[in-house]
Structure formats: structure tokens, C-alpha cells
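A, B, ... follow the sequence lines: proteins, then strands. Residue 1 opens every chain. All figures in this text were calculated on a predicted structure; none of them were measured in a lab.
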Protein chains: 2
Amino acid sequence: MPRVVDHAERRTKFIVASWGVIANEGLNAATLRRVAAAAGVTTGALTHYFTDREALLVEALRAAHFAAGARMLRAAGKLDDDRKRLLAVLEEALPLDNRRLQEWRVWLAFWGEAVGSLALSEENQRRIEEWRDFAETLVLPLVPPGQSTAVVAMSLVALIDGLGVRLALAPAASLASERRDARASIARAVASLGAETTAERKATQNQGGKGV
Amino acid sequence: MPRVVDHAERRTKFIVASWGVIANEGLNAATLRRVAAAAGVTTGALTHYFTDREALLVEALRAAHFAAGARMLRAAGKLDDDRKRLLAVLEEALPLDNRRLQEWRVWLAFWGEAVGSLALSEENQRRIEEWRDFAETLVLPLVPPGQSTAVVAMSLVALIDGLGVRLALAPAASLASERRDARASIARAVASLGAETTAERKATQNQGGKGV
DNA sequence: TTTGTTATATAACAAACGATATGTCAAGGG
DNA sequence: CCCTTGACATATCGTTTGTTATATAACAAA
């Protein structure tokens, strides 16, 4: 009897609409009216699928985390070599295209707001821990015996976060060159990581091969 | 004839009050009424010193940048050794005490809002460039001849930003251990920076003057 | 004391917000 | 054909916001 629609499809439509508003106009601009308008409907439709504004925003953040996590797992699965896999995942994490740039701006907006909101800070903390654990497994076979895997992984994660923030805030004019520098930065970090284990045995190979 | 007050002192009082509100309750909570109450006055006093809410916030951001910059310059001036100076400045940049933690949370809040506001993004961009230029001058004597100074500096700045974000968002329970890891992370980064220049060329043995 | 000027409190107001209630239309089973 | 049910638009309420206007208090000079 009821008029039938795809609930999941509607919800993701609103999620995507809220991503666009947040990334382009900031989290404050993501009002119920504004998000509904961006999705081409009115607030009546939006409140039909999300009880609260906060529920919408938390789900938007969660969905962004999930999408990014899925992409990174896919990037990791393609490669066999440990160092190449690490590099591929780190590159996948950076905002090197517009979709990922939007994602980073969404995260950035939520980070600022996470201070005052318990639900947001918990969701953020969850993502941070997952991302760090994943990085540790990737880094494990590459870390030299004398060093702490946790510290090495934390350093790489922090490097990605810092580069991501920088790219997310970069003006459009300098975005291309900043992206180039960011890729060179993580290439250097991964190369110097190997230099103390494998490359030291092979001696002098990566000096001209990968340096930028 | 006029009733005389110290204008600069009043303005900084409001700036400091807004820092506290932003760091503890988020940027959205930093309304005129809330900031005025945190400063112990009403909105009438606040609007007497700042034309806009935006003017107050921009000045709060600018003042936070200025305070941090002054601290880092002071940290740099104390030391002569290049590597020690770099490490000291990087440690000074991290949120290792409550005052700096508050500062980082203020920045984080503004980063999220900078997307939608031209004035905020410009002020942010200014600070990012100054910080990068400063890092380049510190890194210059330590970077090996084959590598790009800009990339090395960018890597270190990104590392600091990533660690700072992580610490700014860390729950109070794990803050102490996270701070320890962060210090280990930058110590490792600075040490590995020297390892590729002086140590590699001089065979890692005899370094009386400039050793780690 | 008087007077003029500034600092601050108080009050008012329109705009925008989240939330909710109500109305309307579409779709299918009886 | 009717009637139920869900999807959605529209309208409204109470609250909070930034901003502005007005009133009061403080204070220095005349």
C-alpha cells in the first residue's frame, strides 16, 4: 500500500548533499534547510530520515570515514610488495583529487566542532584509532628492529594528517604544486624508512631511483 | 574629561576570554553573549571594542598566531647548535602543556570554519606560510645536498601539524602517553635528518663538535 | 559642583535556526 | 473504486543569534 522508495538511497543522497555543503560553506552553513535545499527537497523530507540535525551530521562523518577506509583497503589489496603497498595507501589517504579534498574538508570541519560535542569526538576518536592500527600493520614489516613500530606508524599518520590539513586549506591557485610537494614528502618518508633495513643491505640503490 | 581605561588591556581581555570559550566549548559556542560573560561583562562592553563578531574572531586567531610565533622565536634564540635549535622549536610548537593545547584547539576550530570565511582563510594562510618559511631557515643547514629543503621543511611542518591535531583531539585519559609518543616522533624525525648528512658521509664514528 | 565624554548595562528587534505539527499527494491492496 | 500508509511539502512555534538603540554610571576637567 505505501508509496515505496529506497530508504538507503535517500539517506545517502542527504549524506552526500551535506558533504557538499560542509566542504564548500562550512559546518555552520549545514543547516537542515540548506542541506535539504542542496538535496533538492525541503526539510520535511530530511527530518523524515534523520531524527536530529546531530544525527545527520554524525552519520555524515561516519559515512566519510567508511568511504575513505574502503578506498584505502582496496588500495592496499592491489599490491604485494610491502613498501609499495604502504606508499599506495598513504597516497590514497591524501586529498589528491577533488573527491578526497571534499572529504578532508568535511573532517576538518568536524574536528573543530568535536571539542564541544561528545558524539562527534567519539566518532572522530574511533576513526583515528582505526587509521593508526591499520598504519601499524602496514609499517610492521618495514620498521627496523631497534625502533618502535608505534612511533613509526604515528609519525606517518601524523605526516598524512598534516599534509591533508595543508592541502585542504590551500588556496586553489597553489593546490597543484602543494599536491606535488606532498607526494614528494611521503615518498621521502617511505624511502627513508626502508633505507635503514633493506636498502642498507643493497647499498646506494635508492639514492637516484626515488629521490625527488 | 572622558572616563579613562586601557583599551589594549580590555581588548586582550576579550581575546583571552574568547580563547577559553572556543577551546572548551567550540567556535559555535563563542557567541557575543557567551564571550562577554566569560570576560565578566555584557555584550555592550564587547561591541564597544569590536565592530563585528567576525572582527573579534579574526583578532583572536591573529593573536593566537602572534603569541605562538613569539614563543617559537624565543625558543630558537636560546640555542646555538642547529639540530638542537630545530628540535627545540618543534617541541615548542607542540601542545605539550595546557596553554598550548588551548591554542591548538583554537586553531583547529578556525580551520574548520576557514572554508566558508574569506577573512579567516586569509589569516590562516598567512600563518601557514610564515611557519613554513621559519621551518625552512631552521632546516637549511641540516638538509643533505641531494634533497629539497622545501620538501624536508614541509615534511616537518606537516608532522607537527598532524601531531598537534592528534593531541588537540586526544581524550584527557590518554593525553599524557600521546604527548610522550609525539616527542619521540619528532626526536626520531630530527635524528634521521642528521643521519643522512653528517653521519653517512663521515662514517658515523667521530663527531665531537656537532654530534647528536 | 557642574559638565561633557566615555564605558558599560539594559533592552529591543529582525533574522535564522531546530523542531514539530499538519496538510497533501502517490501508490498499491482490498 | 476506496482506503490505508508512507513520503514529502508547508506552516508554525519557541529560542537564540548578531546587531543596534537607549539608558545609566564613572570620571576628569572646568
**Request:** For atom CZ of B/Arg126, decide whether the heavy atoms of other residues, nucleotides or ligands shown that lie under 6.0 angstrom number more than 12.
**Result:** yes
**Prompt:** Any side-chain heavy-atom pair from B/Leu46 and B/Val41 closer than 4.5 angstrom?
**Reply:** no
**Message:** Over 60° means perpendicular and under 30° means parallel, so tell me whether B/Phe134 and B/Trp131 are parallel, tilted or perpendicular.
**Reply:** tilted
**Message:** Counting only heavy atoms not in B/Glu129 (residues, nucleotides, ligands), do more than 12 fall under 6.0 Å from its CD?
**Reply:** yes
**Prompt:** B/Phe50 CZ to D/dT19 C1': how many Å, rounded?
**Reply:** 16 Å
**Asked** Do B/Arg179 and B/Leu167 come within less than 4.5 Å of each other through their side chains, counting heavy atoms only?
**Response** yes
Report each atom pair, protein N/O against N/O of nucleotides 8-10 of chain D, whose distance is under 3.5 angstrom.
{"residue": "D/dC8", "atom": "OP1", "partner": "A/Arg10", "partner atom": "NE", "Å": "2.7"}
{"residue": "D/dC8", "atom": "OP1", "partner": "A/Arg10", "partner atom": "NH2", "Å": "2.6"}
{"residue": "D/dC8", "atom": "OP2", "partner": "A/Tyr49", "partner atom": "OH", "Å": "2.6"}
{"residue": "D/dA9", "atom": "OP2", "partner": "A/Thr42", "partner atom": "N", "Å": "2.9"}
{"residue": "D/dA9", "atom": "OP2", "partner": "A/Thr42", "partner atom": "OG1", "Å": "2.6"}
{"residue": "D/dA9", "atom": "O5'", "partner": "A/Thr42", "partner atom": "OG1", "Å": "3.2"}

**Prompt:** Whole Å only: how far is the CZ atom of B/Arg11 from the C1' atom of C/dT8?
**Reply:** 16 Å
**Fill in**
The Watson-Crick or G-U wobble partner of D/dA30, with both key distances under 3.5 Å, is C/dT1
**Asked** Just by protein heavy atoms under 4.0 Å, how would nucleotides 12-18 of chain D read 5' to 3' in B, S and -?
**Response** -----BB
**Request:** Check for a donor-acceptor pair, side chain of B/Arg83 on one end and backbone N or O of B/Ala191 on the other, with a separation under 3.5 Å.
**Result:** no
**Prompt:** Is it the case that more than 12 heavy atoms not belonging to A/Glu122 sit under 6.0 Å from its CD atom?
**Reply:** yes
**Prompt:** Are A/His7 and D/dG6 close enough that a side-chain N or O sits under 4.0 Å from OP1 or OP2?
**Reply:** no
**Prompt:** Any idea how A/Phe14 and A/Phe50 line up, ring-wise: parallel (<30°), tilted (30 to 60°), or perpendicular (>60°)?
**Reply:** perpendicular
